Amino acid sequence: MTSEHSGRTRDTAGRPTGGTGGTDAATDAFVTHRNLLFTVAYEMLGSAADAEDVLQETWLRWAGVDLSVVRDPRAYLVRITTRQALTRLRTLGRRKESYVGTWLPEPLLTAPDVAEDVELADSVSMAMLLVLETLAPTERAVFVLREVFDVGYDEIAEAVDKSPAAVRQIAHRARAHVAARRPRGTVSPAETRSALDAFRRAVETGDLQCLVDILAPDVVFLGDGGGIRQAVPQPVRGADKVARLLAGGLGRITAASLRPAQVNACPALVLRMDGEIDTVVAVRVDDGLVTGLYAVRNPEKLSRMQRETVLRR
């Protein structure tokens, strides 16, 4: 970084480091809360690459802050991150309009401990991120900050430049919107693994009946190839149509290439072709049946599957 930012630089992982004088209070605070800030940005954007860009912008602004007037570094950093994410979210919305095919969130390989925080795990699941996509930018920011990170209304108001009363109304509206669209009831990891095991058995045996048995009548299949890899251009709906689609693709899949993984804090499957990750398959389960299958094939979205991402709140 340039001298106007106190000579601070960033290491290869994107963390700020101190200048010749070593780490300072600003650097320490940023590093302490970095995983939290990434999680906030990712939940608002559904894109790890954009979340990293937001963190860079957050650091640039934080580096110029007079820390003597900062009472709560965590709250201050979350506020900066939220504002930068809102700006990026509006830009991302324009990019999605020209995106080839269906846009799906960028999958993250996550550590098992993330799943132990049930609320965090639910909030970063592929199914929930797709629900959050249906919110307006400010609604999404308010919902994420309030419902996931338990940020106070006054703090949220500062972050989104609204009055606390307006934020309460937005939060109420966003909660109702999400409640009407989120997975029905609490789904245990065991239920999700059972659904994925049925998928793997179908691959191993070539018999789709075990898969059809756990598909909901209104199941939807979404594929994201980003115009780079072949994927279904439109959502495929209905158990019979989804089963036929999967049957058509089983010929190129072997059981050896399909492996379980913890993706966005939920059980998922990773398909490898010639040793390289080809597709990440996440599922949504409602009342014991698969209601959503999400296949990410865009190679530009698969880099975070090489190493675990730490999520915190």
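This structure is a prediction, so every number in the text was calculated from the model and none was measured.
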| Does the side-chain contact (heavy atoms from CB on, under 4.5 Å) test come out yes or no for R284 and M126, once each step is laid out? | CA-CA 8 Å; R284 168 174 169 165; M126 191 72 73; over 6 Å; no
| task | Determine, stepwise, if the pair R140 / E43 fulfils salt bridge (charged side-chain N to carboxylate O under 4.0 Å, His left out). | result | CA-CA 9 Å; R140 184 167 185 170; E43 292 211 23; over 6 Å; no
| field | E139/H177 under side-chain contact (heavy atoms from CB on, under 4.5 Å): CA gap, chis, key distance, verdict | value | CA-CA 10 Å; E139 288 179 332; H177 182 97; 5.5 Å; no
| task | Test salt bridge (charged side-chain N to carboxylate O under 4.0 Å, His left out) on E52 and R34 and set out the steps. | result | CA-CA 10 Å; E52 291 290 357; R34 190 185 191 283; 2.7 Å; yes
| said: Test side-chain contact (heavy atoms from CB on, under 4.5 Å) on D240 and R244; report intermediate values, then the result. | reply: CA-CA 6 Å; D240 290 341; R244 286 198 298 271; 3.8 Å; yes
| request: Go through V65 and V70 one step at a time and tell me if the side-chain contact (heavy atoms from CB on, under 4.5 Å) criterion holds. | output: CA-CA 8 Å; V65 170; V70 177; 3.5 Å; yes
| message | Checking D24 against T27 for the side-chain hydrogen bond (donor to acceptor under 3.5 Å, both in side chains) test, could you report, in this order, the C-alpha distance in whole Å, the side-chain angles of both residues, the deciding distance, and whether it holds? | response | CA-CA 5 Å; D24 58 15; T27 300; 2.9 Å; yes
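The environment of F221 atom CZ is dense: over 12 non-hydrogen atoms of other residues, nucleotides or ligands sit within 6.0 angstrom. Residue D66 qualifies as enclosed at atom CG: its count of foreign heavy atoms under 6.0 Å is above 12. Residue K241 places its NZ atom among 12 or fewer non-hydrogen atoms of other residues, nucleotides or ligands, all under 6.0 Å distant. Q234 CD: 12 or fewer foreign heavy atoms inside a 6.0 Å radius. Within a 6.0 Å radius of CG in D161, other residues, nucleotides and ligands contribute 12 heavy atoms or fewer.
For the atom pair CZ of F143 and CD1 of I156, the computed distance is 11.0 Å after rounding to the nearest 0.5 Å. Once rounded to the nearest 0.5 Å, the distance linking CD of Q262 with CZ of R193 reads 7.5 Å. In this structure, T309 OG1 and L109 CG are separated by 7.0 Å, a value rounded to the nearest 0.5 Å. The distance from the CE atom of M44 to the CG atom of L92 is 11.0 Å, given to the nearest 0.5 Å. Here the straight-line distance linking atom NE2 of H33 with atom CG of L55 works out to 12.5 Å at 0.5 Å rounding. Distance check: L89 CG to L45 CG gives 5.5 Å after rounding to the nearest 0.5 Å.
For the residue pair T110/E308, the side-chain donor-acceptor check at 3.5 Å is not satisfied. Side chain to side chain, Y99 and N298 meet the donor-acceptor criterion of an N or O pair below 3.5 Å. The closest side-chain donor-acceptor pair between R168 and H172, if any, does not fall under 3.5 angstrom. In this model, no donor atom of one side chain and acceptor atom of the other lie less than 3.5 Å apart for S257 and R272. D122 and S125 share no side-chain donor-acceptor pair at under 3.5 Å. Under 3.5 Å, the side chains of T291 and D286 contain a donor-acceptor pair of N or O atoms.
Side chain of E158 to backbone of E155: no donor-acceptor contact under 3.5 angstrom is found.
Smallest separation of non-hydrogen atoms from G225 and A231: N-CB, 3.5 Å. Heavy atoms only, all atoms of each residue included: A243 and V212 are closest at CB-CG2, 3.7 Å. Residues A195 and I214 approach most closely at O-CD1, 4.0 Å, considering heavy atoms. M273 and D278 get closest at one heavy-atom pair: CG-CB, 3.4 Å. For A141 against L86, the heavy-atom pair with the smallest separation is CB-CD2, 4.0 Å. Taking both residues in full, the closest heavy atoms of A265 and A115 are given as O-CB, 3.6 Å, listed atom of the first, atom of the second, then distance.
Figure legend: cation-pi geometry between R79 and Y76, with NZ or CZ positioned under 6.0 Å from the six-membered ring centre and within 45° of its axis. Under a cutoff of 6.0 Å and an axis angle of 45°, R146 and Y153 form a cation-pi pair.
Annotation: side chain of Y42 is not in contact with side chain of V54 (no heavy-atom distance under 4.5 Å). At least one side-chain heavy atom of P105 sits under 4.5 Å from a side-chain heavy atom of L130. Using a 4.5 Å heavy-atom cutoff, the side chains of V290 and L293 are in contact. Annotation: side chain of L311 is in contact with side chain of L108 (closest heavy-atom distance under 4.5 Å). No side-chain heavy atom of D218 sits less than 4.5 Å from a side-chain heavy atom of R237. Looking only at side-chain heavy atoms (C-beta outward), R304 and K301 stay at 4.5 Å or farther from each other. Using a 4.5 Å heavy-atom threshold, the side chains of L120 and V114 count as touching. R297 has its side chain out of reach of D224: every pair of non-hydrogen atoms, C-beta onward, lies at least 4.5 Å apart.
Residues V78 and I80 share a hydrophobic cluster, clusters being chains of Ile/Leu/Val/Met/Phe/Trp/Tyr side chains in contact below 4.5 Å. Hydrophobic clustering (ILVMFWY, side-chain heavy atoms < 4.5 Å, transitive): V280 and V236 are in distinct clusters. The same ILVMFWY cluster, assembled from side-chain heavy atoms under 4.5 Å apart, contains both V40 and V167. Both L77 and L67 are members of a single hydrophobic cluster when ILVMFWY side chains are connected at heavy-atom separations under 4.5 Å. Residues L104 and I277 are members of one and the same hydrophobic cluster, defined by side-chain heavy-atom contacts under 4.5 angstrom among Ile, Leu, Val, Met, Phe, Trp and Tyr.
Under the 4.0 Å criterion applied to side-chain N and carboxylate O atoms, R313 and E119 are assigned as salt-bridge partners. Contact check on R88 versus E57 returns no salt bridge, with no Lys/Arg side-chain nitrogen under 4.0 Å from an Asp/Glu carboxylate oxygen. Between D50 and R95 there is a salt bridge, with a side-chain nitrogen of the basic residue lying less than 4.0 Å from a carboxylate oxygen of the acidic one.
Of the candidates L302, T102, L222, V281, V296 forms a side chain to side chain contact (heavy atoms under 4.5 Å, CB included) with just one, namely L302.
You'll find the ring centres of F30 and W62 outside the 6.0 Å limit.
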